[in-house]
Amino acid sequence: MNATTGRLVIVGASLAGLRAAEALRAGGFTGDLTIVGDEPHLPYDRPPLSKRILTADPAHDPAPGLTWDNDLPLPDGLDARWELGRPAVRLDPRERTVTLADGTRLAYDGVLVATGATARGRPDPDRGVLTLRTRDDALRLRAELRPGRRLVVAGAGFLGGEIAAAARTRGLAVTLVEAASLPLERAIGSVPGAFVAELHRRAGIDLRTGTTVTDFLFTRSRLSGVRLSDGTETPADMAVQALGAVPATGWLAGSGIDIGDGVRCDVHLRALAPDGTVVPGVVAAGDVARVPHRLAGGTSIVLGHWTNAAEQGAAAAHTLLNPDEPRPFTGVPGFWFDLHGARIRSAGLPALADEVRVHEHDLPGRHLEVSYHRDGRLVGALTVGRTGRLVPYRRRLEAASLDPASSAAHGRAHPARVRS
């Protein structure tokens with residue numbers, strides 16, 4: 001393929017896919033560009049699904065026929081062919097084709113995999129058991145969040161916490177169930193985890209830790225309660241499984257790509273075969289990609305964050321356009337979420353830390369500042385209500401991610417999975 005012509009296919013009408021498309025056109029690509037999406041929607045932002053859409057006043061609902069304002073703007077000159085509502089079911093790198101669910105075959109010179117992730121769990125929405133991953137999921141859940149109802153959320157991670165908080169603002173009785181001893185303990189540590197736990201409890205949420213949901217109880221084909229692993233039962237009119245997500249790689253089975261826990265990539269976001277060789281013409285970005293990161297000591301990690309998806313999409317596009325001069329991906333991950341009026345922000349990879357340093361802890365004032373270190377080196381930082389203090393941490397992390405020596409200094413970190 002010439003660097004600026006040919007046929008490129010982006011599989012995934014996602015944030016990563018759209019940023020890749022923008023970068024391809026900005027980089028001078030004038031060839032045929034096709035974007036495949038399994039949903040019928042054009043690309044949209046996912047963070048508002050558990051925030052604005054769930055909490056918005058019903059009086060502010062869009063008029064019939066219109067949608068919520070989380071659509072991602074499409075730039076002028078994108079000139080892409082959209083294949084929406086027809087998911088990809090097969091990739092053949094040897095024939096260089098992508099096959100869609102209706103049998104359509106798309107020939108390509110280069111393909112970017114940006115299919116994201118799918119929610120864990122077994123939803124049964126007609127009987128009141130839901131998950132939240134798509135816009136349609138959010139609208140279905142929003143319709144169920146009526147004042148006075150009883151909600152059980154399984155999983156007190158980023159998503160589960162925001163769903164629980166949104167439900168409380170809508171006047172529901174909420175039980176939040178978490179297998180660990182504290183919410184988000186593995187992701188951000190015990191001190192911030194305890195801080196988050198107290199925010200939930202002060203908002204009137206019944207937080208149950210050290211237990212899991214083992215059974216859903218139904219009466220006349222509708223959820224009436226849940227049973228927990230500690231033997232207790234709690235009544236529920238509806239439940240949400242917020243148990244994390246898994247990379248959407250099933251359609252890549254038989255492609256010759258290593259898809260263990262995501263599409264395994266090299267530092268340039270090129271897809272790899274199980275033997276570690278590059279699969280020609282295939283790159284990946286976003287929630288589906290497992291990429292080595294210097295902050296993690298070179299270990300391959302999956303990052304399910306907004307900034308990572310946007311940055312990897314653009315970086316993967318550069319690799320497609322410049323196959324002889326690819327650049328290593330060195331973006332610093334970060335996440336944000338809001339709970340009960342508290343603004344929580346993070347940079348780096350807190351889950352990799354072997355030491356946590358607390359610089360400020362003010363629960364009544366809703367202020368927290370924590371830094372994370374591995375082998376004495378900074379690997380992450382988190383603030384609550386102190387967003388400005390994150391800037392110098394991010395600068396240090398950016399410098400470390402660009403320094404090849406920092407990777408060796410860390411040693412080989414344990415495999416990590418960090419999701420928002």
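Residues take their numbers from the sequence shown, with the count starting at 1.
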Next item on the list: Determine which pairs satisfy salt bridge (charged side-chain N to carboxylate O under 4.0 Å, His left out) with at least one residue from residues 239-258, sequence neighbours left out, and list them in order.
Entry: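 Applying salt bridge (charged side-chain N to carboxylate O under 4.0 Å, His left out) to every pair that reaches into residues 239-258, excluding sequence neighbours, yields Asp258-Arg264, Asp258-Arg290.
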Notebook entry, point to check: Residues in side chain to side chain contact (heavy atoms under 4.5 Å, CB included) with Ala26, at least two apart?
Noted result: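 Result, side chain to side chain contact (heavy atoms under 4.5 Å, CB included) vs Ala26: none returned.
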Partners of [X] by ring-ring contact (aromatic ring centres under 6.0 Å, His included), sequence neighbours excluded?
X: Phe329; value: none
X: His200; value: His340
X: His268; value: none

Sub-4.5 Å side-chain heavy-atom contact between [X] and [Y]:
X: Glu22; Y: Arg19; answer: yes
X: Val177; Y: Thr175; answer: yes
X: Phe337; Y: Leu184; answer: yes

Ignoring hydrogens and geometry beyond distance, is a side-chain donor-acceptor pair present between [X] and [Y] at under 3.5 Å?
X: Thr307; Y: Glu311; result: no
X: Ser181; Y: Thr209; result: no
X: Asp136; Y: His41; result: yes
X: Tyr393; Y: Glu398; result: no

Residue among Thr249, Val279, Val113 satisfying side chain to side chain contact (heavy atoms under 4.5 Å, CB included) with Ile257
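The option that passes is Val279.
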Give me the atom names and distance for the closest heavy-atom approach of [X] to [Y].
X: Ile53; Y: Ala138; answer: CG2-CB, 4.0 Å
X: Leu339; Y: Leu199; answer: O-CD1, 4.4 Å
X: Ser221; Y: Arg127; answer: O-CG, 3.3 Å

Is Asp76 atom CG crowded by more than 12 heavy atoms from other residues, nucleotides or ligands, each under 6.0 Å away?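 No - once you tally the heavy atoms of other residues, nucleotides and ligands closer than 6.0 Å, there are 12 at most.
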### Task
Please say whether more than 12 non-hydrogen atoms of neighbouring residues, nucleotides or ligands are located less than 6.0 Å from CZ in Arg186.
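Atom CZ in Arg186 is not crowded, with 12 or fewer foreign heavy atoms closer than 6.0 Å.
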- Item | Test side chain to side chain donor-acceptor pair (under 3.5 Å) applied to Thr219 - qualifying residues, sequence neighbours left out |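 Only Ser224 meet the side chain to side chain donor-acceptor pair (under 3.5 Å) criterion with Thr219.
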**Study point:** Identified salt bridge (charged side-chain N to carboxylate O under 4.0 Å, His left out) counterpart of Glu162 within the set Arg168, Lys51, Arg52
**Key:**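 Exactly one candidate clears the test, Lys51.
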